[in-house]
Amino acid sequence: MLRHIPLGRMYNLRDLGGYPVSGGGETLWEKLLRGDNPEHLTEEDLRWLLDRDITTVVDLRSEAETRRKPDQLASQPGFYYFHCPLLSEGDGMPNLETDVGQGYFRMLDGSDLVARALRTVACAPAGVLFHCTAGKDRTGLMAALLLGLAGVERADLLADYQVSETYLADIIRQIKTKVPTLSAFAGASKAEYLSDCLDLLEEKYGSVSGYLQAIGLTEEELTALRGKLLPPDHTKGGPEFG
């Protein structure tokens, strides 16, 4: 199985399968993919996704981002495309590195937008690819919520988040040559960013499932989300991080 998947000109497309879960076993492969914006996909790339029944696409970007660079899969036969922005128009990521974790938490805190995106994943008939522009921040938060709900330990959540920096390094270097004023931490995915966010989430909501219930997801929806990553006998809930 491939963790990092080389499709088209996607730098940061990865599978959420293979992570150990509380109580034994591991997350399922080829069910949930996290990534950057799908572009320059070949017919062979499209067939790779269709052969694995990964047919639902959840685009977490803003309207402006989708206008600048449309999702290639939005217009492809056989795929179900849903635009579920995680930020309201005009909102953005923090400008200071010390604020990244708090900025992540503000994005999540009581958010109907997050609830809508996760409901879309829960209702998908088969596999799901969810993405933002670089596949790091908004996508990283979605991945952490889904893996945390499935019972993946925090160390693995942080490792999954952290590796984005490695896959994005080349493209960030190219951007910095054209935009020298780009912040020094652009493209960074330090473990403490996500860890700070998860500390705040646990402090207010107790756990990932507590947070998801607080933003309105039902027990049936939580079971459906677990079912995207766990075999049937693991989907009713149990230990999760926090």
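Numbering starts at 1 and runs along the sequence shown.
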Would you check if [X] and [Y] make a side-chain contact, meaning some heavy-atom pair closer than 4.5 Å?
X    : Y    : value
L16  : V152 : no
P38  : H131 : yes
R116 : P85  : yes
L147 : V208 : no
L28  : P231 : yes
V100 : K190 : no
L87  : L60  : no
M142 : R34  : no

Hydrophobic cluster membership, with links at side-chain heavy-atom distances under 4.5 Å among I/L/V/M/F/W/Y: are [X] and [Y] in one?
X    : Y    : value
F185 : L194 : yes
L200 : Y161 : yes
M107 : L113 : no

Side-chain hydrophobic cluster, 4.5 Å single linkage: members besides W29: M1
Remaining members of hydrophobic cluster (4.5 Å side-chain criterion), L129: L2, I5, L7, M10, L13, L33, L41, L46, W48, L49, L50, I54, V57, L73, F79, Y81
Test side chain to side chain contact (heavy atoms under 4.5 Å, CB included) applied to S75 - qualifying residues, sequence neighbours left out: none
All side chain to side chain contact (heavy atoms under 4.5 Å, CB included) counterparts of A186, not counting sequence neighbours: L182, S183
Looking at residues at least two apart in the chain, or sitting in another chain, which of them share a salt bridge (charged side-chain N to carboxylate O under 4.0 Å, His left out) with [X]?
X    : result
K176 : none
R3   : none
R52  : E30

Sidechain-backbone polar pair: [X] side chain, [Y] backbone, donor-acceptor under 3.5 Å:
X    : Y    : value
K204 : D109 : no
N12  : G135 : yes
E39  : G8   : no
R226 : G151 : no
T139 : C132 : yes
T27  : L229 : no

How far apart are the closest heavy atoms of [X] and [Y], and which atoms are they?
X    : Y    : answer
T120 : C84  : OG1-SG, 3.5 Å
L86  : A117 : CD2-CB, 3.9 Å
A224 : A122 : CB-O, 3.7 Å
K228 : A124 : NZ-O, 2.5 Å
F105 : C197 : N-SG, 3.7 Å
P20  : D156 : CD-OD2, 3.8 Å

With [X] via ring-ring contact (aromatic ring centres under 6.0 Å, His included) - residues at least two apart:
X    : result
H4   : Y167
Y211 : Y205
F82  : none

Can you measure from [atom1] ([X]) to [atom2] ([Y]) and round to the nearest 0.5 angstrom?
X    : Y    : atom1 : atom2 : value
S195 : E202 : OG    : CD    : 8.5 Å
L198 : S207 : CG    : OG    : 11.5 Å
Y19  : L146 : OH    : CG    : 12.5 Å
R119 : L225 : CZ    : CG    : 10.0 Å
E219 : L212 : CD    : CG    : 10.5 Å
D196 : Y104 : CG    : OH    : 10.5 Å

Of L145, T56, L32, the residue whose pairing with V121 passes side-chain contact (heavy atoms from CB on, under 4.5 Å): L32
Worked verdict on K69 versus T133 for side-chain contact (heavy atoms from CB on, under 4.5 Å): CA-CA 9 Å; K69 282 198 172 183; T133 294; over 6 Å; no
Pairs where residues 133-146 contributes a residue and the test salt bridge (Lys or Arg N to Asp or Glu O under 4.0 Å) is met, not counting sequence neighbours: E65-R138
D99 with R106: basic N within carboxylate O range, under 4.0 Å: no
Note: R61-D71 ion pair, threshold 4.0 Å (strictly below): no
Qualifying residues under side-chain hydrogen bond (donor to acceptor under 3.5 Å, both in side chains), relative to R173, sequence neighbours excluded: D170
